[in-house]
2 protein chains.
Amino acid sequence: MPVSIKEVAREAGVSVATVSRVLGKGPVSDALRARVERAIEITGYRPNLSARRLRSRRSQTIGLVVSDIRNSFFTSVSRAVEDAAYEAGWRVILCNTDENPDKEAMYLRLMQEERVTGLIFAPTRDTASRQDLDALGFPVVLIDRAGPATGVDAVLLDNARASAMLVDHLVDAGYRRIGGIFGKTSTTGQERRDGFAAAMALHGLPCETKFILPQAPAAEDSVGVWLDSADRPDAIVASNGQLLLGAFRAARRRGVALPGGVALAGFDNEGWTEVVSPGLTVIEQPVLDIGRTAMSLLVERLADAGISPRKVVFPGRLLIRGSTAGKR
Amino acid sequence: MPVSIKEVAREAGVSVATVSRVLGKGPVSDALRARVERAIEITGYRPNLSARRLRSRRSQTIGLVVSDIRNSFFTSVSRAVEDAAYEAGWRVILCNTDENPDKEAMYLRLMQEERVTGLIFAPTRDTASRQDLDALGFPVVLIDRAGPATGVDAVLLDNARASAMLVDHLVDAGYRRIGGIFGKTSTTGQERRDGFAAAMALHGLPCETKFILPQAPAAEDSVGVWLDSADRPDAIVASNGQLLLGAFRAARRRGVALPGGVALAGFDNEGWTEVVSPGLTVIEQPVLDIGRTAMSLLVERLADAGISPRKVVFPGRLLIRGSTAGKR
DNA sequence: GTGAAAGCGCTAACAC
DNA sequence: GTGTTAGCGCTTTCAC
């Protein structure tokens, strides 16, 4: 049974108000402060955060709701968010939705029950366009994905531009029959596909794209079909790290050489993409900046709810490696 | 300003106690229950979890304190823990200590202030031997690392046995001059080294081992020195995924062929280890089982504080790949 | 500066 | 079954 502020007050011979002031930053004489601090030592007192939150009406907690923490993009973003949050004396509640709208709804409700100060959220496409994201009772910052202006802040990658960079690079290297696989559950997959298609059109090239579940096995199946077909593409673009892994496995398993049999490029500079041979050409996202920026936007929004919603867009960085070496 | 249980009661024309009973599992007539549920709908009521926790003295929260969520072992364990926790209606607070004892102490204090129901904890070597881990005010289950019996439950890998499996396999394949790098901050690194040394001794072989920071760059430097030296080992064992990555990079960067120039094996079946060429021989840990078992031990401990501390030890699984192909 | 007292939103006795 | 009431541990007026 933990000791309460009352026992500390008794031990120090002061009122609970004085103890509370020592804990916070109220005005307390040096003499009493010393006595209270001593009493805290002796009793081993630990403030009860639930009580503090209830009374002060400040939860000092932010929510972080993503699809899957095992996705390296979210792993890194979560570290950035958590570091910044704990630094500021806030707690983080992390939830994984697995791209499941029901889980999303459940966790949004949980965020309300926790009375979170704010939420950093990577929604599915369905939820991204919800009009009530700004009426949850706390500010929301979207990361990675955002629908048409829903009136909330967002931190995003310039997906269309990044896709175009990949396409331009591939065309430059002599590839023409380029296929693309994209995640079907997020606006991000959609944007990357649109950017891909637009860039291909600019080059006067036809393109073939597929929307699939954003998981490695789905990509392996999907790319496998392409590789086995008579009119195999000569290059493939994968819209995230998981899909890239699946595509890589499909090629590897069939003994299709990279880039001789098929060139391969994608999103997310996961550690393994550099270390396989050949290395994979990828778009690197500034994951730490994205996490930190999301926190900053949240903090600014908390300071001033009035400012109109901002969208911060980061450029991707093209890392050229052996998997897209020139065709000739 | 969120609505409280009071307003729901007024809307439904009942007492707050009845509303509370509908929320929980108290006995309420169907008629009143329906009215209350309707009132909850109308008002958009969300229970305040801080108030509930304060009053009920049950935080319904468990802590998960690990060194770094970006370490794939902990990423996977955390998913297992979180899934099990949310399933049971509990919240999870995740903290990263970066192998820093000061941060560990700070987060242990935070866990007390949160009045967590229980804690799943991967301590550094310094903290693992603290005698007061069972006096924090809540049960602790150690994962991945544990000191000499500290009187708390633990879920571990059979590190000595796993190291021996690697050594036996390498010796079997014809390697004799085998070096090992091990994490210096954890008991796990220590145990794996001891198991390694013991197995080498059984084979009558001398061994050279290094304790280093459990991070890829440190491993790259360390292994680089070996590879550049005149008496280069013919095989290297790395005691976790990060160290394995660093070792792999060191070999790759110097153009040292695997396994011709040096054989390489290690711990943690991270995705990339299968996908590089040659694939890397590794000890796979049952990460999901470890996470789930930690939760089970915690739940059982909460049900009965009396049972004496248990240590659940899982075997590792040796996955043989090209990086340790036979020497001749 | 300091203390007394009210009350944050909820659950759990306790009466009926 | 239902309502009344007393706190959970803390912060925050409000007096002094």
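Here is the naming used below: chain letters follow the sequence lines, and residue numbers restart at 1 for every chain.
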Report summary line: Once base and sugar-phosphate atoms are separated, protein heavy atoms under 4.0 Å mark nucleotides 9-16 of chain C, 5' to 3', with B, S and - as BBBBB---
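- Listed by first and then second residue, the salt bridge (charged side-chain N to carboxylate O under 4.0 Å, His left out) pairs involving residues 48-58 of chain B are A:Glu114-B:Arg53 (not counting sequence neighbours).
- Sorted pairs that involve residues 4-20 of chain A and meet salt bridge (charged side-chain N to carboxylate O under 4.0 Å, His left out), not counting sequence neighbours, are lacking altogether.
- Distances shown here put a side-chain N or O of A:Thr18 below 4.0 Å from the OP1 or OP2 atom of C:dG3.
- Sorted pairs that involve residues 18-37 of chain B and meet ring-ring contact (aromatic ring centres under 6.0 Å, His included), not counting sequence neighbours, are lacking altogether.
- Judged as a salt bridge (charged side-chain N to carboxylate O under 4.0 Å, His left out), and not counting sequence neighbours, the contacts of B:Arg292 are B:Asp289.
- Among residues at least two apart or in separate chains, there is no side chain to side chain donor-acceptor pair (under 3.5 Å) pair with a member in residues 31-42 of chain A.
- Every residue two or more places apart in sequence or in another chain that forms a ring-ring contact (aromatic ring centres under 6.0 Å, His included) with B:Tyr107 is listed here: A:Tyr86.
- In terms of the side-chain contact (heavy atoms from CB on, under 4.5 Å) criterion, residue partners of A:Thr124 (sequence neighbours excluded) are, by chain and number, A:Glu99, A:Pro101, A:Glu104, A:Asp126, A:Thr127.
- Residue pairs meeting the salt bridge (charged side-chain N to carboxylate O under 4.0 Å, His left out) criterion with at least one member in residues 60-88 of chain B, sequence neighbours excluded, are A:Asp68-B:Arg79, A:Arg79-B:Asp68, A:Asp98-B:Arg79, B:Asp68-B:Arg70, B:Arg79-B:Asp83.
- Chain A approaches DNA chain D over the interval D:dG9 to D:dT13, counting the first and last nucleotide 5' to 3' with an atom under 4.0 Å from its heavy atoms.
- Residues meeting the side-chain contact (heavy atoms from CB on, under 4.5 Å) test with A:Thr18, sequence neighbours left out: A:Val14, A:Ser15, A:Arg21, A:Val28, A:Leu32, A:Val36.
- When all heavy atoms of B:Thr185 and B:Pro214 are compared, the pair lying nearest together is OG1-CG, 3.6 Å.
- Using five terminal pairs a side, the axes of the helix from C:dG1-D:dC16 to C:dC16-D:dG1 at its two ends make an angle of 30°, given in steps of 10 degrees.
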